[in-house]
**Q** 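Just passing along the structure, written as structure tokens.
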Amino acid sequence: MPLALLALAVGAFGIGTTEFVIMGLLPEVADDLHVSIPTAGHLVSAYALGVVIGAPLLAALTSRMSRRTVLIGLMALFVAGNVLSAFAPGYDSLMAARFLSGLPHGAFFGMGAVVATTMVAPERKARSVSLMFLGLTVANVVGVPAATLMGQHLGWRATFLGVSAIGLVAIASLALLIPHDHAHAPVVGLRRELAALKSLPVWLALGTTVAGFGALFSAYSYITPMLTDAAGFADGSVTLLLALFGVGATVGNLVGGRLADHSLRGTLYGGLTSLAAVLVLFPLLMSTEWTAALAVVLLGVAAFVTGSPLQLMVMEKASAGPSLASSANQAAFNLANAGGAWIGGLALAAGFGATSPALAGAALAVLGLGVAATAATVDRRRSVPGRERVVATHVPHEAEALQH
């Protein structure tokens with residue numbers, strides 16, 4: 001695997017840290033800015049809104065630019081957003097800074113996935129994407145807990161300065177390790193990128209992402225009350241258990257990348273089926289502490305097995321113009337976050353019990369399987385074989401050039 005993938009992973013580590021660390025710092029932010037914790041919680045939504053808007057918008061605006069230049073520019077925007085967050089004088093300015101921080105998120109992962117697949121042999125494309133996503137999953141194991149502790153002891157503003165420093169390291173890594181691709185990357189253009197989004201298989205792939213990861217977030221958004229109210233853990237144990245989720249996600253991400261290189265659709269089916277099974281078993285697993293801890297790990301593994309296959313499926317279906325579709329898939333992940341949390345909340349509000357969001361998530365996983373099966377049927381009817389290697393036949397000259 002090219003060393004350049006490390007640069008993408010460093011950027012993903014910084015992005016993953018800043019996305020999730022705010023959740024652990026809400027009490028400190030609320031107290032410092034004199035707002036309620038629910039009001040401070042809107043900072044999470046502001047970031048997610050930035051991701052949803054920025055992913056397709058920035059991908060479209062940069063469609064004719066060098067991918068290396070775009071990645072460095074996106075990380076510079078990320079650093080700017082976090083620096084502004086650190087020095088925000090009030091709540092409204094912090095909201096704006098968090099929105100700005102979210103803008104480059106989806107475009108970075110979308111463009112990064114395209115670059116990652118062009119730097120490796122065809123049989124290693126899924127693994128290359130999983131190694132980029134490794135930065136995101138490791139952020140949940142190391143970055144978020146460390147940044148949360150920093151914020152609790154040095155103030156929440158120090159956390160955003162620390163994340164900004166990670167962004168600067170990522171910029172240096174990208175500049176040093178990503179090849180100068182302006183002479184090799186095909187100039188696709190916005191019209192071709194938009195044309196790729198008109199494809200029904202692309203939208204079915206995006207729909208699978210929304211349903212599949214909506215299943216995860218339906219349960220994960222309410223994992224703390226499950227662990228404390230159902231399993232009986234003390235509040236102070238939750239941080240460690242969430243780190244276990246990150247470990248599971250890291251394992252699932254790496255396993256999913258390796259398996260998807262052998263069978264993209266088979267890995268997707270297997271991951272969604274496993275996710276549905278884990279979520280159905282959640283009420284039983286949450287009955288004791290040790291089985292609850294196991295459930296958290298299994299949830300991370302099952303959910304993130306599907307991460308690389310979902311990203312590559314979208315890129316495959318939009319192979320004529322993959323950058324915009326790849327970035328749009330990141331917006332789909334965030335829609336899944338918001339939608340899954342909403343559906344899980346409906347189950348709780350209906351009085352079905354602390355573990356009911358997991359069962360709602362299981363239904364979403366089954367829905368994701370249905371959408372994926374529909375996509376396979378559409379492929380067959382269009383007489384397009386389900387290729388197991390993503391865009392390998394479309395850009396061999398680019399892969400060869402970037403490997404040099």
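Quick note: numbers below take in every heavy atom, side chains included, and nothing from hydrogens, waters or symmetry partners.
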**Q** Just so I know, are the side chains of Leu259 and Ser263 near enough to count as touching, which here means a heavy-atom distance under 4.5 Å?
**A**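 A side-chain contact is absent here, since even the closest heavy-atom pair is not under 4.5 Å.
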**Q** Is the side chain of Ser218 donor-acceptor paired with the backbone N or O of Pro357 at a distance under 3.5 Å, no angle test?
**A**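 Yes, Ser218 side chain to Pro357 backbone: donor-acceptor pair under 3.5 Å.
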**Q** Evaluate Met75 against Ile15 for side-chain contact (heavy atoms from CB on, under 4.5 Å), listing each step before the verdict.
**A** CA-CA 9 Å; Met75 192 49 57; Ile15 289 174; 4.1 Å; yes
**Q** If we check side-chain contact (heavy atoms from CB on, under 4.5 Å) with Val305, which of these qualifies: Thr267, Leu268, Leu275?
**A** Thr267
**Q** Are the side chain of Ser326 and the backbone of Gly110 linked by a donor-acceptor contact shorter than 3.5 Å?
**A** yes
**Q** Using the side-chain hydrogen bond (donor to acceptor under 3.5 Å, both in side chains) rule, pick out the option among Thr209, Thr306, Asn329 that qualifies with Gln311.
**A** Asn329
**Q** Just by modelled atom types, is the Phe333 backbone N or O under 3.5 Å from a matching donor or acceptor in the Asn337 side chain?
**A**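 Absent.
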**Q** Without swapping roles, check the side chain of Thr273 against the backbone of Gly270 for a donor-acceptor pair under 3.5 Å.
**A** no
**Q** Within this structure, what is the CG-CZ distance for the pair Leu74 and Phe108, rounded to the nearest 0.5 Å?
**A**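 Going from CG on Leu74 over to CZ on Phe108, the span is 7.5 Å.
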**Q** Taking the six-membered ring for Trp and the single ring otherwise, decide whether the centroids of Phe245 and Tyr220 are under 6.0 Å apart.
**A** yes
**Q** Quick one: does Tyr269's side chain have a donor or acceptor within less than 3.5 Å of a partner on Leu264's backbone?
**A**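 Such a contact is absent between Tyr269 side chain and Leu264 backbone.
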**Q** Taking the six-membered ring for Trp, are the ring centroids of Phe213 and Phe304 within less than 6.0 Å of each other?
**A** yes
**Q** Distance-only, no hydrogens or angles: does the Arg127 side chain make a donor-acceptor pair with backbone N or O of Gly256 under 3.5 Å?
**A** no
**Q** Let me see the working for Val296 and Ile223 under side-chain contact (heavy atoms from CB on, under 4.5 Å), right down to the final yes or no.
**A** CA-CA 8 Å; Val296 172; Ile223 194 69; 4.3 Å; yes
**Q** Can you confirm whether Arg98 sits close enough to Thr18 that some side-chain heavy atom of one is under 4.5 Å from a side-chain heavy atom of the other?
**A**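 A side-chain contact exists here, since the closest heavy-atom pair is under 4.5 Å.
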**Q** Thr117 side chain to Val114 main-chain N or O, any donor-acceptor pair under 3.5 Å?
**A**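 Looks like yes, one N/O pair under 3.5 Å.
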**Q** Apply side-chain contact (heavy atoms from CB on, under 4.5 Å) to Leu5 and Leu134, showing your working.
**A** CA-CA 10 Å; Leu5 292 176; Leu134 185 63; over 6 Å; no
**Q** Given Leu272 and Thr208, is the side-chain contact (heavy atoms from CB on, under 4.5 Å) satisfied, shown in steps?
**A** CA-CA 10 Å; Leu272 289 171; Thr208 306; 4.1 Å; yes
**Q** Using atom types as modelled and distance alone, determine if a side-chain donor or acceptor of Asn82 lies under 3.5 Å from a backbone N or O of Val163.
**A** no
**Q** Is the distance from the ring center of Phe87 to that of Phe160 below 6.0 Å?
**A**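 Aromatic pair excluded; centres sit 6.0 Å or further apart.
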**Q** Between Arg68 (side chain) and Ile178 (backbone), is there a donor-acceptor pair under 3.5 Å?
**A**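 Indeed, once roles are kept as given, a pair shorter than 3.5 Å links the two residues.
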**Q** Has Arg258 got more than 12 heavy atoms of other residues, nucleotides or ligands less than 6.0 Å from its CZ?
**A**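 Atom CZ in Arg258 is not crowded, with 12 or fewer foreign heavy atoms closer than 6.0 Å.
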**Q** For the residue pair Thr250 and Val141, establish whether any side-chain heavy-atom pair is separated by less than 4.5 Å.
**A**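 Sidechains of Val141 and Thr250: in contact.
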**Q** Please verify the inter-ring angle class for Phe109 with His105; under 30° counts as parallel, over 60° as perpendicular, anything in between as tilted.
**A**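 Tilted, since the angle between the ring planes falls between 30° and 60°.
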**Q** Could you tell me whether the side chain of Ser130 and the main chain of Gly257 form a donor-acceptor pair under 3.5 Å?
**A**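 A pair under 3.5 Å: no.
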**Q** Does a donor on one side chain sit under 3.5 Å from an acceptor on the other, for Thr377 and Thr374?
**A** no
